[in-house]
Amino acid sequence: MAQYSCVSGSVGLITLKNPPVNALSAAVRHGIVDTVKRALSEPKVKSVVICGQNGIFCGGADIREFASDMSGPPLVPMIHAIEAANKPVVAAIEGSALGGGLELALGCHYRIAHSKAKLGLPEVTLGLLPAAGGTQRLPRLIGVPAALNLITTGRHVTAAEALQLGVVDQVTDQNTVDAAVKFALSVAGQSLDARRISTYPCPRPSDLDALFDGVMQKVRQSARGAIAPVACVQAVRAAATLPYTQGMEREKELMATLFTSGQARALQYCFFAQRAVGRWSMPSGARWDTSKPRPVHKAAVIGLGTMGRGIAVALAQTGLSVVAVETQEKQLMEAKQAVSGMLERGAKRRGVAPALDGISYSGNIQAVADADLVIEAVFEDMTLKEKIFQQLSAVCKPGTFLCTNTSALDVDHLASQTRNPELVVGMHFFAPAHVMKLLEVVYGTRSSPQAVATAMQLGKKMGKVSVAVGNCRGFVGNRMLKPYLEQAFFLLEEGATPELVDRALEEFGFAMGVFRVSDLSGLDVGWKVRKGDGLAEPEMATGQSARIRQGRRYSPLGDLLCEQGRYGQKTGQGWYQYDKPGGRVARSDPWLHSFLEEYRARHGLVARRIDQQEVLERCLYVLINEGFHILEDGIAAGPEDIDVIYVFGYGWPRHRGGPMFYASMVGLAKVLERLEHYHQAHPDVPYMQPCNLLRRLVASGSPPIQRWREVIKKLHSQL
Ligand SMILES: C[C@H](O)[C@H](C)C(=O)SCCNC(=O)CCNC(=O)[C@H](O)C(C)(C)COP(=O)([O-])OP(=O)([O-])OC[C@H]1O[C@@H](n2cnc3c(N)ncnc32)[C@H](O)[C@@H]1OP(=O)([O-])[O-]
């Protein structure tokens with residue numbers, strides 16, 4: 001709703017009230033229409049101020065309403081009525097003015113923002129475009145290039161940048177509503193002809209076509225199949241080439257193509273899923289709102305290799321006191337330099353002072369004795385990690401949380417090396433750790449809810465999207481990656497090429513296909529894990545048994561490349577060739593193609609034509625199937641956890657919602673039928689055998705993804 005009052009004798013004050021972000025729900029829109037009418041009709045009222053309750057102006061249209069029939073007064077005429085008003089209307093912007101919230105402000109005649117406010121049109125991140133005049137008014141106010149940038153990226157700008165762009169008229173550090181009321185008093189009675197943005201001519205850059213063609217090409221490239229950014233460019237083009245009214249028609253047309261699209265539903269699902277994972281729960285029943293985190297004032301990192309350095313930077317950037325420990329003298333010196341460099345570059349990008357004083361370095365593990373939380377990030381070797389945890393358990397003060405950055409090893413086993421296993425959790429970061437948003441917080445069977453709550457809270461403080469998951473080999477992300485990688489290898493055996501597989505995955509929306517990612521991260525990383533699993537001993541890669549391991553089909557292709565030192569980019573050769581070791585540009589490698597032909601001949605395999613559909617179905621459906629096993633095992637509490645992990649940590653295209661959401665869009669019955677089809681063709685590949693939970697969901701009529709948690713809960717209660 002919207003509340004009305006008259007202040008300072010002649011200012012009508014309209015306050016939006018819809019906690020927590022004053023979203024423009026039907027009730028709020030009704031409230032605005034009524035209160036604006038009242039303010040304009042009251043003789044003593046000479047000017048109007050619109051503000052939001054609780055220090056936030058407006059988070060835009062109510063996204064929750066998009067799934068239902070939109071009732072209530074439409075936004076466009078509501079904003080037109082404000083712009084056409086014969087009394088000055090001033091927007092008092094505190095907290096956020098986003099989407100429809102900024103469009104509302106653009107309909108006002110003046111905008112006053114608090115210095116900490118954030119403004120933007122992020123609709124593109126929800127698979128939409130600013131459909132309440134934003135694509136027509138913003139270019140008229142700040143010019144086409146700046147408007148194109150804000151609308152196609154959806155980025156939030158600070159009040160300072162908004163002032164510099166001309167989006168707002170004033171920025172204040174004081175109480176924004178008071179400043180707006182004072183301003184409204186000062187402009188009462190003044191002509192508003194020059195304050196109605198829709199009447200402004202849209203500045204036409206001289207090279208208009210070149211500008212739009214250039215932006216469209218860039219947007220199509222980075223969009224990787226997302227349709228909203230393209231529609232945003234088309235809408236702004238209408239502003240630059242058509243009169244306002246026709247431009248508004250075009251905006252409406254384009255929005256209609258997006259509103260009901262699968263991509264918009266996927267992106268809005270991601271919006272809410274990203275918030276849902278913060279409401280974590282454990283099979284024990286412990287939950288986010290019943291488990292109190294313990295404050296962390298001092299944190300420590302053990303092991304300053306690539307991951308340890310990134311974690312130290314991410315911790316220091318929170319303002320915490322950090323101790324970074326590395327026992328290898330040379331590595332310690334190099335790490336000190338690298339970490340300082342990363343902190344300085346990060347601070348420069350954010351326009352703040354680098355937190356260099358907050359971090360201290362030591363070669364001695366004793367230095368972490370009084371830390372509240374320690375993150376171990378040494379080499380991925382269980383024996384070494386066992387020793388570290390035994391030392392930490394002996395050195396640290398009582399109550400120190402001991403966390404491991406392992407990406408696959410058994411958290412329970414590491415906890416058993418300590419006196420207080422309840423204080424041990426996994427904090428699995430993704431490289432580069434100071435950049436990647438995802439954090440898997442891994443609870444073991446004896447991890448206390450307080451340890452999980454503390455790790456989740458620290459993750460949020462580090463700006464991470466943290467997901468609480470159970471302990472198992474590879475946790476969630478890497479566990480699902482294994483069948484996906486395995487399928488990619490099998491497809492090569494059966495006739496595909498790395499180029500074909502990668503093209504299919506990249507056209508689906510992944511930034512990089514599986515083989516280009518493998519070359520980037522290094523083939524030797526996976527090889528080491530397979531050796532750890534007893535799957536890749538040297539002499540095993542040749543002979544008849546080469547393609548059967550532990551009673552199931554296995555492809556030694558990756559092992560064979562590693563045995564020849566082809567580790568990918570770092571060696572200049574892998575699945576692709578690169579101009580030099582460390583080269584980044586992948587080129588097809590004729591050697592690799594003849595190697596595949598020889599391999600197939602050696603194993604009596606006959607290559608067949610494989611199309612992109614089969615590549616997608618086999619690689620993605622086995623990954624999804626493992627996701628269902630993870631839900632069945634209770635390792636992840638819900639599909640949102642899995643989808644957020646894949647979108648934020650494994651490059652799953654956001655406009656596809658995540659693996660589990662994608663399965664719900666494709667149709668669970670279809671996924672089941674295809675898995676059964678492929679498992680029949682490949683009975684020696686257990687990962688293709690459909691998971692019982694998938695069967696149960698299909699048998700219960702494939703309920704919408706929002707209702708899977710109920711089915712899973714019922715399943716667990718019956719177990
Ligand atoms: C016509 C027009 O052109 C079009 C078509 C549109 O306008 S489309 C809409 C465009 N607007 C947006 O894209 C802005 C989306 N929101 C945000 O970016 C952020 O929320 C925030 C404003 C910067 C605050 O961040 P926060 O970190 O302080 O809190 P939070 O945890 O994020 O949010 C707190 C709670 O509010 C909920 N929420 C936030 N924004 C919402 C919205 N616009 N609609 C519905 N719920 C919303 C959110 O789900 C969470 O709920 P719960 O999880 O507690 O149940």
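Remember, it's 1-based here, ligands and their atoms both numbered in the order they're listed.
Of the candidates N18, I79, V21, L75, V21 brings a heavy atom nearest to atom 39 (C) of ligand 1. Taking only non-hydrogen atoms, the option from G278, A23, G59 nearest to atom 12 (C) of ligand 1 is G59.
Protein heavy atom at the shortest distance from atom 55 (O) of ligand 1 is R64 NH2, 3.2 Å. The single protein non-hydrogen atom nearest to atom 21 (C) of ligand 1 is L98 CD1, 4.3 Å, given as residue, atom name and distance. The protein non-hydrogen atom at the shortest distance from atom 9 (C) of ligand 1 is L126 CD1, 3.7 Å. Shortest contact from atom 43 (N) of ligand 1 to any protein heavy atom: A61 O, 2.9 Å. What sits closest to atom 19 (C) of ligand 1 on the protein, heavy atoms only, is R275 NH2, 3.9 Å.
Within a 4.0 Å radius of atom 7 (O) of ligand 1, the protein contributes one or more non-hydrogen atoms. The nearest protein heavy atom to atom 53 (O) of ligand 1 is closer than 4.0 Å. Distances from atom 28 (O) of ligand 1 to the protein include no heavy-atom value under 4.0 Å.
Classified by interplanar angle (parallel below 30°, tilted 30° to 60°, perpendicular above 60°), the ring pair F259/F66 is perpendicular. Taking the six-membered ring for Trp and thresholds of 30 and 60 degrees, Y646 and Y650 have nearly parallel ring planes, at less than 30 degrees apart.
In this structure, R279 is part of the shell of residues with a heavy atom less than 4.0 angstrom from ligand 1. In this structure, G134 does not count as a contact residue of ligand 1, since none of its heavy atoms falls inside 4.0 Å of the ligand.
Contacts between L121 and ligand 1, counted as non-hydrogen atom pairs separated by less than 4.0 Å, are absent for every part of the residue. Using a 4.0 Å cut-off between heavy atoms, P20 contacts ligand 1 through its side chain alone, with no backbone atom that close. Under 4.0 angstrom from ligand 1, there are no non-hydrogen atoms of K118. Contacts of I63 with ligand 1, taken as heavy-atom pairs under 4.0 Å, involve both backbone and side chain.
Contacts of Q457 classified as side-chain contact (heavy atoms from CB on, under 4.5 Å), with partners at least two apart in sequence or in another chain: P293. Shown here are the side-chain contact (heavy atoms from CB on, under 4.5 Å) partners of A228, two or more places apart in sequence or in another chain: V124, L258.
Atoms of ligand 1 lying under 4.0 Å from at least one heavy atom of F272, given by number and element, are 49 (O).
The environment of R140 atom CZ is dense: over 12 non-hydrogen atoms of other residues, nucleotides or ligands sit within 6.0 angstrom.
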